[in-house]
Each structure stands twice: as structure tokens, then as C-alpha cells.
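Notes follow the structure.
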Amino acid sequence: MAFAIKTEIRDPKAKAFTFTAQKTMYGGKRIAKGDTVFVFASENEGGQGLVARGVVDSAEATAKKRGIARQTPRVSITIRRTALAKRPLGRSELKKFTDWNDGRPGTELNFKFYRQATNKIGGISDEAAAFLGEFIQSGMILS
């Protein structure tokens, strides 16, 4: 399964990203070492959408806080970047995908990552991963 993360990205061209205690939704809590992740710089934090693809180098569940009944699972992850985005894909490009039942990968991404402004890690379908792959530079493997 592939994943996507939408959060604040300070350096979109960094060779590695570390994210601490990120909220998870849509199966995001199952992210594990070796999984593919598409990295989105959150527009709410000044970013411009998809910036990179990478591989999870480490993933660790964050302990729940005592005394709070309902808590969204959180995960801390480290991602090694394997490729950069070659063209824009963010809120404005996905805005047209609003028929929540049409089954298109762009609609899945809009629903999971932009319907709510929340930054998060979420699982995505193989179709959505292939769609995102069209926005990634090919043949770019970084050590």
C-alpha cells in the first residue's frame, strides 16, 4: 500500500524528511518501513502541494496521551526522498474532483487530503499512487 502525507515542509528539496507525531487517517497508522510515500507541502502552511516521492526509512507509533478518551492515532516517520515532483498538484489542481462517488484517483486525493484542511498521513489506492506517479520526475533515484 502507498501513502501520502500533507504537512508543513520547510525544505521541499531535502534529501530526507522527518515528521513527528503526525495525525493519521484512512489507514495511515499502518505506514511502515519500506512503504512508498508521496509528500505534499500543505498550502495551509505556505506550501504548494505535491513536492516529492520517497520511501519510509522508519515509522513509529506515538503513544496516546493519558486522560483523553478519543485520540487520532499519530505516527512519527522518516522518509528518504527518491524523486521530486515535475509539475504542480495541490488544492487548486484537485479542486475539480468533487463527485465523491466517481472512483477517480484525483477525487480520492481531493477527498482524503483537501476536503478537510487537516494535515495528515493517509493510505491511498494503487490507482491514486499511479496517478501521483504521473507528476513525479522519472528515473531520479537519490542515494
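Along the sequence shown, the residues carry numbers beginning at 1.
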> Can you check side-chain contact (heavy atoms from CB on, under 4.5 Å) on S58 and K33, steps first, answer last?
Replying inline: CA-CA 5 Å; S58 67; K33 183 175 180 172; over 6 Å; no
>> Applying salt bridge (charged side-chain N to carboxylate O under 4.0 Å, His left out) as the test, list every pair that has at least one member in residues 55-79; sequence neighbours left out.
In response: D57-R80
> Is I9 reachable from V75 through a run of hydrophobic residues whose side-chain heavy atoms are each under 4.5 Å from the next?
Replying inline: yes
> Does K96 have any side-chain contact (heavy atoms from CB on, under 4.5 Å) partners at least two apart in sequence or in another chain, and if so, which?
Replying inline: none
> Where do F131 and I124 land on the side-chain contact (heavy atoms from CB on, under 4.5 Å) test, with the steps shown first?
Replying inline: CA-CA 11 Å; F131 175 78; I124 59 172; over 6 Å; no
>> Could you report the tightest heavy-atom contact between E108 and G123, atom names first, then the distance?
In response: OE2-O, 4.3 Å
>> List the residues meeting salt bridge (Lys or Arg N to Asp or Glu O under 4.0 Å) with R10, not counting sequence neighbours, and say none if there are none.
In response: E8
> If you take all heavy atoms of T62 and A21, which pair is closest and at what distance?
Replying inline: OG1-CA, 3.6 Å
> F113 and I5: side-chain contact (heavy atoms from CB on, under 4.5 Å), yes or no, with the steps?
Replying inline: CA-CA 8 Å; F113 294 96; I5 181 170; over 6 Å; no
>> Any non-hydrogen side-chain atom of I77 less than 4.5 Å from a side-chain atom of I121?
In response: yes
> Nearest 0.5 Å, what's the CG-CZ distance between D35 and F3?
Replying inline: 4.5 Å
> Which heavy-atom pair separates V51 from P12 by the least distance, and what is that distance?
Replying inline: CG1-CB, 3.9 Å
>> Could you check whether any side-chain N or O of K112 sits under 3.5 Å from a backbone N or O of T107, counting only pairs where one atom can act as donor and the other as acceptor?
In response: no
Please tabulate, for side-chain N and O atoms in residues 36-49, each donor-acceptor pair with protein atoms closer than 3.5 Å (sequence neighbours left out).
{"residue": "S42", "atom": "OG", "partner": "N44", "partner atom": "N", "Å": "3.2"}
{"residue": "S42", "atom": "OG", "partner": "N119", "partner atom": "OD1", "Å": "3.0"}
{"residue": "E43", "atom": "OE1", "partner": "Y114", "partner atom": "OH", "Å": "3.2"}
{"residue": "E43", "atom": "OE2", "partner": "R91", "partner atom": "N", "Å": "2.9"}
{"residue": "E43", "atom": "OE2", "partner": "Y114", "partner atom": "OH", "Å": "3.4"}
{"residue": "N44", "atom": "ND2", "partner": "A117", "partner atom": "O", "Å": "3.1"}
{"residue": "E45", "atom": "OE2", "partner": "N119", "partner atom": "ND2", "Å": "3.4"}

> Partners of D102 by salt bridge (Lys or Arg N to Asp or Glu O under 4.0 Å), sequence neighbours excluded?
Replying inline: R104
> Please walk me through it: do L50 and I136 pass side-chain contact (heavy atoms from CB on, under 4.5 Å)?
Replying inline: CA-CA 9 Å; L50 182 66; I136 297 294; 4.0 Å; yes
Would you give me the side-chain donor-acceptor pairs under 3.5 Å for residues 22-32, sequence neighbours excluded?
{"residue": "Q22", "atom": "OE1", "partner": "T7", "partner atom": "OG1", "Å": "3.0"}
{"residue": "Q22", "atom": "NE2", "partner": "T20", "partner atom": "O", "Å": "3.2"}
{"residue": "T24", "atom": "OG1", "partner": "P73", "partner atom": "O", "Å": "2.8"}
{"residue": "Y26", "atom": "OH", "partner": "R115", "partner atom": "NH2", "Å": "3.2"}

> Should we say atom NZ of K86 is surrounded by more than 12 heavy atoms from elsewhere, each under 6.0 Å from it?
Replying inline: yes
> Where is the tightest heavy-atom contact between R81 and L84, given as atom of each residue plus distance?
Replying inline: NH1-CG, 3.2 Å
> If we only count heavy atoms from C-beta on, is the N110 to W100 side-chain gap below 4.5 Å?
Replying inline: yes
